[in-house]
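Everything on this sheet refers to the single structure shown next.
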There are 2 protein chains.
Amino acid sequence: MAASATREKIIVAADRLFYERGFDMTSFADVAEVVGISRGNFYYHFKSKDEILNAVMESRLKDRHQMLEGWIKEGQPAKQCVANFIHILLTNRKKIRAYGCPVGTLFTELSKLGHPGEESARHLFDLFRNWLRQRFMEMGQTKDADRLAMHILARSQGVATLANAYPDEQFLEAEVDQMLAWLDAVSDADIKPTQRSS
Amino acid sequence: MAASATREKIIVAADRLFYERGFDMTSFADVAEVVGISRGNFYYHFKSKDEILNAVMESRLKDRHQMLEGWIKEGQPAKQCVANFIHILLTNRKKIRAYGCPVGTLFTELSKLGHPGEESARHLFDLFRNWLRQRFMEMGQTKDADRLAMHILARSQGVATLANAYPDEQFLEAEVDQMLAWLDAVSDADIKPTQRSS
DNA sequence: TAAAAAATAGGACAAATGACCTAATATTTG
DNA sequence: CAAATATTAGGTCATTTGTCCTATTTTTTA
């Protein structure tokens, strides 16, 4: 079989296991078993655990980048793009209830491990943060764009964590509705600049 | 030395290490070294790793319970109690920036591990959730009390996660301000029931 | 088709770890 | 004080894991 095909299958399996079980809790043998290859073959493609982690992070970055840029290329307006981002929580609700957020949980683990991969995990946050900031700027929130981006990012993280802790509730759906309502209020803000002062 | 004193020191050390490094990444040897005792002595007090985890979770539950009930016993009004809860993010900002939320990060890890201790970790969430719900009920939000409790819990989680990823920002302080403003709006809601409809 | 290269399989090994045991020391008790 | 009990120290052991190596099989190349 072509090396690149096996390599790709390893990355896909490792990506899933790192998400479901965590990075440190996933062994070479675990990944090899899922792919259906020997540990020796695994080592032929990736010389260390850090190397497979890097490959997974690159894959995720590319995947998320394509998703975000895809919405823009489809010509969707900025507000709709942000709404799409919020909607990810619903699209992936099953996995989120079972394993939390792929970005947040992996970052947290690598951070506690003191692992160099913490940087790549932060890059994933950066990707979403910068993209959201640009969308808010297009919505006219030039001054607060980054603050709004961080806000929606934080709420997504919190919702994912609690949905993981309480999977049997309709909590996730309700919070998404609130976030979309919040987005409406934000997008109205530049149309109705006269806000009620505190 | 009295056994209870050594036992207590072990729990304190394990609590700290489970927070800073994670449960799975902390070994018996790590805890014993911090306490300054031998691994054999450690095993005299706790027969397994699950046992020390249980002790740590009990300790945390007791500690948080006392904190929350303490505010009530001081006679603080419901809204001030919730504000105190939000303020924890500032009180512990240094540790949160370095290690995230002790409750959320440990729950996430135990969940991915498939460890039975996931239940006790969820109990910690339950403690805050139920307490917050009661405070919101006292504030007159009888119908939405649980939803509001979950909301503030989720936002705390998200803020802690992102403050961990971006420790150098003033993001944490800004989000706390927003949460307190949100609390004001909620507490005003029953005084001014006529809200502007969308 | 024969030689060379690529890919795979499976075993070896040192380090780390949870668990367990026994001997030594400190403390309490009668 | 002496016996009994509680506490501590340190070693052993089986298992897991990341890493590495060599032999075998498959694919490509000339």
Side-chain angles (χ1 to χ4, degrees), chain A residues 1-58 106 109-110 112-118 120-121, chain B residues 1-58 106 109-110 112-118 120-121:
Chain A
M1 185 194 301
S4 60
T6 305
R7 195 186 143 90
E8 193 57 33
K9 284 207 282 182
I10 291 175
I11 293 176
V12 169
D15 191 338
R16 205 191 82 203
L17 290 176
F18 289 172
Y19 178 33
E20 294 178 359
R21 306 183 191 172
F23 171 72
D24 198 57
M25 290 74 96
T26 301
S27 70
F28 274 29
D30 292 334
V31 182
E33 193 187 20
V34 167
V35 179
I37 61 172
S38 65
R39 299 184 303 278
N41 191 9
F42 190 110
Y43 194 76
Y44 173 77
H45 292 280
F46 296 97
K47 291 189 289 290
S48 74
K49 205 176 178 185
D50 291 5
E51 215 169 279
I52 173 67
L53 176 64
N54 283 337
V56 167
M57 297 311 276
E58 272 181 37
L106 188 53
E109 184 188 356
L110 295 177
K112 282 195 194 297
L113 269 171
H115 194 284
E118 176 185 347
S120 356
Chain B
M1 185 194 301
S4 60
T6 306
R7 196 186 143 89
E8 193 57 34
K9 286 206 282 183
I10 291 174
I11 294 177
V12 170
D15 192 337
R16 205 192 82 201
L17 290 176
F18 289 172
Y19 178 33
E20 294 179 358
R21 304 183 193 175
F23 171 71
D24 199 56
M25 288 76 96
T26 301
S27 70
F28 276 28
D30 291 335
V31 182
E33 193 187 20
V34 167
V35 179
I37 61 174
S38 65
R39 298 185 305 281
N41 190 8
F42 190 110
Y43 196 75
Y44 172 76
H45 292 281
F46 296 97
K47 291 190 288 289
S48 74
K49 205 177 177 184
D50 290 5
E51 215 168 278
I52 173 67
L53 177 63
N54 284 336
V56 166
M57 297 312 275
E58 273 182 36
L106 188 53
E109 184 189 356
L110 294 177
K112 282 195 195 296
L113 268 172
H115 194 284
E118 177 185 345
S120 359

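Below, chain A is the first sequence line, B the second, and so on; all start at residue 1. What you are looking at is a predicted structure, and each value in this text was computed from that prediction instead of being measured.
The number of heavy-atom neighbours closer than 6.0 Å to CD of E20(B), taken from other residues, nucleotides and ligands shown, is above 12.
The interatomic distance linking K49(B) (NZ) with dT16(D) (C1') rounds to 13 Å, in whole Å. Atom CD1 in I52(B) sits about 12 Å away from atom P in dA19(C), given to the nearest Å. Rounded to whole Å, the distance from CG on L53(A) to P on dG18(D) is 12 Å. Atom P of nucleotide dG11(C) and atom CD1 of I37(A) are separated by 16 Å, given to the nearest angstrom. What separates CZ of F46(B) from C1' of dG18(C) is a distance of 16 Å, to the nearest Å. Taking atom CZ on R7(A) and atom P on dT8(C), their separation rounds to 13 Å, with Å as the unit.
For T26(B), the side-chain contact (heavy atoms from CB on, under 4.5 Å) test picks out L17(B), F18(B), R21(B), D30(B), V31(B), with sequence neighbours left out.
Nearest heavy atom pair, residue R7(A) against residue A55(A), reads NH2-CB, 4.2 Å. The two residues K112(A) and G22(B) make their nearest non-hydrogen contact at CD-N, 3.8 Å.
Using a 4.0 Å cut-off, no side-chain N or O of Y44(A) falls inside it from OP1 or OP2 of dT8(C). Side-chain N/O atoms of T6(A) include none lying less than 4.0 angstrom from OP1 or OP2 on dA7(C). Under 4.0 angstrom from either OP1 or OP2 of dC20(C) there lies at least one side-chain N or O belonging to Y43(B). Taking 4.0 angstrom as the limit, H45(B) places none of its side-chain polar atoms (N or O) nearer than this to OP1 or OP2 of dA6(D).
Side-chain contact between H115(A) and L53(A) is present, with heavy atoms from C-beta onward closer than 4.5 Å. Proximity of N54(A) to F46(A): side-chain heavy atoms (C-beta onward) are nowhere separated by under 4.5 Å.
Remark: side-chain polar atoms of K49(B) are paired, donor with acceptor, to backbone N or O of F23(B) under 3.5 angstrom.
Taking CG of N41(B) as the reference point, atom OG1 of T6(B) lies at 6.0 Å (rounded to 0.5 Å).
Between N41(B) and S48(A), the residue whose closest nucleotide on DNA chain D is further toward the 5' end is N41(B).
Within a heavy-atom distance below 4.0 Å of DNA chain C, the residues of residues 22-35 of chain B found are T26(B), S27(B), F28(B).
In this structure, the helix from dT1(C)-dA30(D) to dG30(C)-dC1(D) shows an angle of 0° between the axis at its start and the axis at its end, each fitted on 5 base pairs and rounded to 10°.
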